[in-house]
Amino acid sequence: MANLELELYTDDPREAAALRAYWTLAEDGETWAQTVTAVREEFGFRQREMQVLVQEGGTARLFDVRCTECGDPQEATSRTAYADLRRRGIVLCTTCRILAEQTRQEAARERQERRQQALRDAFPMHTDLELQAEDLTLFQAIALHALFSDPAVENAGRTTPTALWPKERRWAPEMLRDDYERRLLHAESRTVIRSHRDSDADAFLWEDDKPTGSFYLGRVGYYLVGAETDPAARVPRLLTDLNRVFREGPWPDAWLRQWRELWEELAIAQAGAYLDMKLREHHLEMKQGDGTRTALADALATFSLGQVFNLIYRAAKDSAAYYQRGGVNKAQAANSTIGRISASADRARANGWEVKSFGMPWNLPFSAIAETFFSKVMWQADMMPVALPAAQVPAHARAAEEPEAVPGPAVGLPVPRATTDYLRQFGSGRADEPVRYALVTPDGEITFGDAPLRDIPAAFEGGGDGESGTEYLRSLYPVAVYFHVPYYDDTRRMNKVANGMYWELSAPAQGEDDGDDHDPEDRKIKLRGPVAFVDRHNRGLSAEQESVITSAHRTAVARLRARGWL
């Protein structure tokens, strides 16, 4: 039988009587003499009034259930709390529990401080010679630029752990991240980064609360080597130096021997990621190994990344159909995709077929390293239709006394972006030459104007943080839609007219028959805010292109109005 004592906090006789009835046990000492409803009805309390009275009008003490720390009887403010105390038995009271939690938190804080001090002792901040662009390999220059361009570095000089970069923009391709991080840490020529002692303590390995000197890749932050005592002050100087070389040249001689290997490596990684994505869409999965990378490298030796995407898309679709026909398991069907890609590439090469180039899907963005390499270093407005044999370094990459003639494009391949026309616009005094472009606003209005290509983004960026996106129009190549992609959530109005025009102009050209299956899903894109239509070869829209764009605009507006969407 429970040993229960009631302490009342009210002087009202009716309330006191109701509380006594509420806390009265039956003769068996285990159940209650009256239900709560019966007590309320007897003393005329509404449900809410009874709840407040029980919580504030008195406390029941259980003398046979005491606190293990102070020995005081446990207190219950309701029948539910009483039943819980009886069920749990001997436990800490509320006061002792709060004190115990405070003690635990204080011990954890002290342990954290001891660990941070141990890390400061084990990982002192070094000063060293300044890094120069010529001291770095091309990979190191690009990887460091991507790693330290993160705004989080500005205040502390410490990078964000590579595993914590957002999936919308990873630091490196997922399959190469650990290898790239090791290559930076163990640079052959000289040290370029070191682990930062103020990183999360759990990123380091410990024995008896002492760091072993090792840490986990992807979980630790780094600082840049340099002569300044403040690591944050070292970053702007290196980034400025790299930006100058990327923009103006000339490149160190070693870079001219290294860019092809890096191009191939990043293209293979992106093709592998696209292969995984397409197989998952068909509920298939495979483990990529050396054989997969060899097959993709073989295809990319002839075809552009966009063309290899085309081969992967069709191979994954055929593998899914192979599984649906029965007789094979999912693993066998998925593994057959590699053979299909190789066979398609071989047939296309042997027959001289022109494989259409796909664009980069919006949900498979380049990593920061790949974006830096292709856009900032190689000056590729869109590398998807450019095959490696047709790619060229920018004109300024070589010293002025060693010019390199830019050959024409290979047969059956689109013109590479790094053409002499492109470079003349941006690097030889013609950057201010206006080119013709079209602008479509979210209201559906279209206007044509003339401006230097580098100034056109100002018409649609709106000052928000982000970057420009480009999608080619299949029926009007090399005209492309040029739009703004914010780094964060895009709350601007959907540009339904520009979306309709993209749908209209990204269909296969009239009379085109290359045997490809053109999936309508590949023509869907969600454009927000103003959108520009430009000629990505920098010649400006011709009168014929302007007429086609005007017609597509008229068609899109008519369709939207007929549906009541505009």
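Centroid-to-centroid, the aromatic rings of Y482 and Y437 stay 6.0 Å apart or farther. Between F366 and F373, the gap from one ring centroid to the other reaches at least 6.0 Å. A ring-centre distance under 6.0 Å is found for F246 and H145. F374 and W263 have their aromatic ring centers within a separation under 6.0 angstrom.
Interatomic distance, CD of Q270 versus CD1 of I268, reported as 12.0 Å (0.5 Å rounding). Rounding to the nearest 0.5 Å gives a distance of 9.0 Å between OG of S336 and CE of M286. Atom CG of L311 sits about 7.5 Å away from atom CD1 of I341, to the nearest 0.5 Å. Once rounded to the nearest 0.5 Å, the distance linking CD of Q258 with CZ of F139 reads 11.0 Å. To the nearest 0.5 Å, atoms NE2 (H126) and OG1 (T191) are separated by 9.0 Å. Here CG of L505 is found 15.0 Å from OH of Y472. Values are rounded to the nearest 0.5 Å.
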side-chain contact (heavy atoms from CB on, under 4.5 Å) between V531 and M501, worked out | CA-CA 11 Å; V531 173; M501 295 171 65; over 6 Å; no
Report the C-alpha distance between V192 and L131 in whole Å, list the side-chain angles of each, state the deciding distance to 0.1 Å, and finish with yes or no for side-chain contact (heavy atoms from CB on, under 4.5 Å).
-> CA-CA 7 Å; V192 295; L131 283 177; 4.0 Å; yes
Could you walk me through whether L296 and R293 pass side-chain contact (heavy atoms from CB on, under 4.5 Å), step by step?
-> CA-CA 5 Å; L296 295 176; R293 286 185 284 274; 5.7 Å; no
Tell me, with the steps shown, if V479 and L541 meet side-chain contact (heavy atoms from CB on, under 4.5 Å).
-> CA-CA 8 Å; V479 176; L541 298 177; 3.9 Å; yes
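Side-chain contact check for N495 versus F483: every heavy-atom pair is 4.5 Å or farther apart. A 4.5 Å side-chain heavy-atom check between Q140 and L184 finds at least one atom pair inside the cut-off. With a 4.5 Å cut-off on side-chain heavy atoms, Y223 and R234 count as touching. Side chains of L305 and M383 form a contact here, defined as non-hydrogen atoms less than 4.5 Å apart. Between I525 and W503, the closest side-chain pair of non-hydrogen atoms is not below 4.5 Å. Within the 4.5 Å cutoff, the side chain of D382 has no heavy atoms near those of the M360 side chain. Two residues are said to be in side-chain contact when any heavy atoms from C-beta on lie closer than 4.5 Å; V377 and W251 meet this criterion. At a threshold of 4.5 Å between non-hydrogen side-chain atoms, the residues M494 and K526 count as touching.
Side-chain atoms of N499 come within 3.5 Å of backbone atoms of L527 as a donor-acceptor pair (strictly under, hydrogens ignored). No donor-acceptor distance shorter than 3.5 angstrom exists from the side chain of N351 to the backbone of W353, with no hydrogens or angles considered. A donor-acceptor pair under 3.5 Å is absent between the side-chain atoms of R314 and the main chain of S344, judged by distance alone. Remark: the backbone N or O of G218 is not paired with any side-chain donor or acceptor of R177 at under 3.5 angstrom.
In summary, D298 and R349 engage in a salt bridge, as defined by a charged side-chain N under 4.0 Å from a carboxylate O. In this structure, D179 does not pair ionically with R182, as no charged nitrogen and carboxylate oxygen lie closer than 4.0 Å. Between E181 and R183 there is no salt bridge, since no side-chain N of the basic residue sits under 4.0 Å from a carboxylate O of the acidic one.
With no hydrogens or angles considered, a side-chain donor-acceptor pair links R340 and S319 at under 3.5 Å. Side chains of T160 and D150: a donor-acceptor N/O pair is present below 3.5 angstrom, by distance only.
In terms of heavy atoms, P365 sits closest to E168 at CG-O, 3.0 Å. Between P478 and Q545 the shortest heavy-atom distance is CD-NE2, 4.4 Å. Contact record, A273 with L364: CB-CD1, 3.9 Å, taken as the closest heavy-atom pair. For L242 against A133, the heavy-atom pair with the smallest separation is CD2-CB, 4.0 Å. Contact detail for H196 and F204: the closest heavy-atom pair is O-CZ, 3.6 Å. The minimum heavy-atom distance between Y322 and A333, with the atom names listed, is CD2-CA, 4.0 Å.
Summarising the local packing, CH2 of W206 is surrounded by more than 12 heavy atoms from other residues, nucleotides or ligands at distances under 6.0 Å. Within a 6.0 Å radius of CD in E261, no more than 12 heavy atoms belonging to other residues, nucleotides or ligands are found. For E248, the CD atom counts as densely surrounded, since its 6.0 Å shell holds more than 12 non-hydrogen atoms of other residues, nucleotides or ligands. In D290, the CG atom is not crowded: 12 or fewer heavy atoms of neighbouring residues, nucleotides or ligands sit closer than 6.0 Å.
Screening L239, T159, L147 for a side chain to side chain contact (heavy atoms under 4.5 Å, CB included) with V153, the sole residue that qualifies is T159.
Note: F215 and Y222 have perpendicular aromatic rings, judged against thresholds of 30 and 60 degrees for the angle between ring planes.
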